[in-house]
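Take a look at the structure below.
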Amino acid sequence: MNYEIARTLILGIGWPMLIMGSIFVMHRAYQFYTKTGKTPIGKLVPLFALTSIITAYALGFVATTFMYIDIMRGVLYVTPIFGIWFIIMIAMILVSLRLNKEAYTYNRAMTLFNKSKDNFIAIVAHQLRTPLSGIKWTLDLLMQEKNLSGAVEKKVQQINTANDTMIRIISDLLSITQLENNKITVHSEKTDIANVLSDTIATLTPHAEKNNQSISYTKKDTYTNASNAYTVEADKMLVGEAIKNIISNAINHGAHDSDIHIELFEEKKDICISVHNFGETIPEARLKNMFEKFSRNNDDHEELVQEIGGLGLFIARSFVRLVRGDITVTSSEQHGTLFTIRLHR
Amino acid sequence: MNTQKRILIVEDDEILYTALIEEFKNNAFMVTHAIDGEDAIKQALAQMPDIVLLDINIPKLSGMQVMEKIRKEGGEWGRTAKIILLTNLNADDTILEGVIKYTPTFYLIKAEVKLETIVAKVNECLGV
């Protein structure tokens, strides 16, 4: 047996394979680490990989040195070990490629699943809205009938209110789904917040009047006092919906026969909208969770039922945050409840 | 005698089109009605109504396809025809693309508008 040739073969195949293999393994280990983040296993697996690679290099150096010091004994001992190592390396490469393919297939399946889940929700929302629109419009026609007794008219209005509530909940669920799946595209345009605010107030005034509440609105002067002082680059729809939800909330929870006071003003470089009402004071514990989807204190059955109507605040804050703003709330017996929407320029 | 305003209503749900037809007749419109996309396009090109109320989710051709055909095959009338998209779908990217391309005058969500608001918007479109 020609020992020189054997040694050259082993070193010529072994070292390139070890180097390429170690690069490949470290790359995959790093990907694994970034995907799993700071979890214990996320650190353990790359650590294990690194240790194995260092060991392999160490053995490689030992084997190489051995084969140069004593070529005959070196080759005789190293060859079988190298043979086993070579087979293991090939096996690991094949397994790795197979796992890769499965991971890819799994990823595609998950993406398709999520897409169809979104479509499913959009389709269900559409299906639910159709009969609800039917009820809404048929009630509109019913209200136009002459000779309706007061009793009938009142009942028709109550059906209408309940129907509108259902429609709003579906809209809220749709918004939340889109928010959770990051499906909301923000379309920024020059938006006059003063206009959006006064339009929204006009739309909600009839609703307030049913509770014998009045909405008063003050637009404060700004530093520049230009006509476009309250114009900002923002998504008009998102801002409008957020404002609508906050004011609706004030109407629903404010005391009947009282005033809801809305102010538009500038603070530092931000545009602020404050919505104030007197009514039920919100306890400190609930204030912290006002904008969450579900309250943490769910022992009270009544509390849970209330939360379903609280989706509006969650949506309002999510929308405002998408346009680089935020909403805060304070509430006390003495000063009433105050929501402040802040939009950064 | 005043020329009556002519409206083509494209809607496949029976309860919804019954309500729409009654409301517009009550408001002195001459109303025609199509129940699917193919019928819609046929009637639109033949009648050239003053305004079209168009649902997006209809059988055969979709509302977006009908709008495209009106714009492309409707000649002089089709290019500037007044179209109100009346739908229960939230505007997604595909719909928005169509809206930008074929410029309907309004996009209304059925469940969120009263009948009288639709009439008001129609009259607004017609400059009445």
Side-chain angles (χ1 to χ4, degrees), chain A residues 115 118-119 121-146 156-157 160-161 163-179 181-187 189 202-203 206-207 235-238 240-241 244 315, chain B residues 7 9-29 31 33 35 53-59 62-64 84-100 106-122 124:
Chain A
K115 228 176 163 186
D118 291 340
N119 284 343
I121 289 173
I123 290 171
V124 168
H126 173 263
Q127 298 296 75
L128 286 171
R129 276 171 163 169
T130 303
L132 293 178
S133 317
I135 295 173
K136 186 180 178 72
W137 290 353
T138 309
L139 286 176
D140 282 344
L141 286 174
L142 196 50
M143 288 297 280
Q144 290 173 27
E145 293 286 335
K146 310 196 199 340
V156 169
Q157 275 170 353
N160 201 30
T161 306
N163 194 52
D164 278 343
T165 304
M166 274 196 281
I167 291 173
R168 186 179 50 82
I169 292 177
I170 289 174
S171 214
D172 285 352
L173 286 173
L174 205 53
S175 297
I176 289 181
T177 314
Q178 288 176 322
L179 279 167
N181 298 326
N182 299 318
K183 286 305 221 58
I184 305 227
T185 355
V186 180
H187 299 109
E189 55 181 321
T203 315
H207 184 190
D235 185 312
K236 195 164 170 194
M237 197 279 292
L238 294 178
E241 278 298 302
K244 186 171 83 150
I315 291 170
Chain B
I7 184 169
I9 297 178
V10 184
E11 169 62 63
D12 64 325
D13 182 277
E14 187 181 338
I15 297 180
L16 296 181
Y17 68 64
T18 310
L20 285 169
I21 292 172
E22 185 173 330
E23 177 75 3
F24 279 96
K25 281 198 172 144
N26 288 348
N27 279 276
F29 277 79
V31 182
H33 167 234
I35 209 168
L53 271 190
L54 185 52
D55 183 14
I56 295 183
N57 243 49
I58 44 178
S62 80
M64 304 304 286
I84 294 186
L85 285 177
L86 193 62
T87 174
N88 266 330
L89 290 169
N90 268 25
D92 62 18
D93 292 327
T94 325
I95 293 178
L96 282 173
E97 228 181 275
V99 163
I100 295 175
F106 276 115
Y107 185 101
L108 300 174
I109 296 193
K110 288 183 242 182
E112 293 174 3
V113 281
K114 296 165 81 82
L115 276 178
E116 52 200 46
T117 313
I118 303 177
V119 175
K121 294 283 187 204
V122 164
E124 196 183 313

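Numbers restart at 1 for each chain; the letters A, B, ... are given by sequence-line order, proteins then strands. These values consider heavy atoms only, across backbone and side chains, with no hydrogens, waters or symmetry-generated copies.
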Check for a donor-acceptor pair, side chain of [X] on one end and backbone N or O of [Y] on the other, with a separation under 3.5 Å.
X: Asp55(B); Y: Val10(B); answer: no
X: Thr177(A); Y: Leu173(A); answer: yes
X: Asn57(B); Y: Thr87(B); answer: no
X: Arg129(A); Y: Asn88(B); answer: yes

*With only heavy atoms counted, which part of Leu86(B) is less than 4.5 Å from chain A, the side chain, the backbone, both or neither?*
side chain

*Give, as side chain, backbone, both or neither, the part of Asp13(B) having an atom under 4.5 angstrom from any heavy atom of chain A.*
side chain

For [X], is it the side chain, the backbone, both or neither that has a heavy atom under 4.5 Å from a heavy atom of chain B?
X: Leu132(A); value: neither
X: Gln178(A); value: side chain
X: Asn163(A); value: neither

*Glu116(B) and Gln144(A): side chain donor to acceptor below 3.5 Å*: no

Interface residue of largest heavy-atom contact number with chain A, from [options], under 4.5 Å:
options: Ile15(B), Thr18(B), Leu89(B), Asn26(B); answer: Leu89(B)
options: Asn90(B), Leu20(B), Ile109(B), Leu96(B); answer: Asn90(B)
options: Glu22(B), Lys110(B), Glu112(B); answer: Lys110(B)

*Salt-bridge test for Asp172(A) and Arg168(A): reply yes if a basic N is under 4.0 Å from a carboxylate O, no otherwise.*
yes

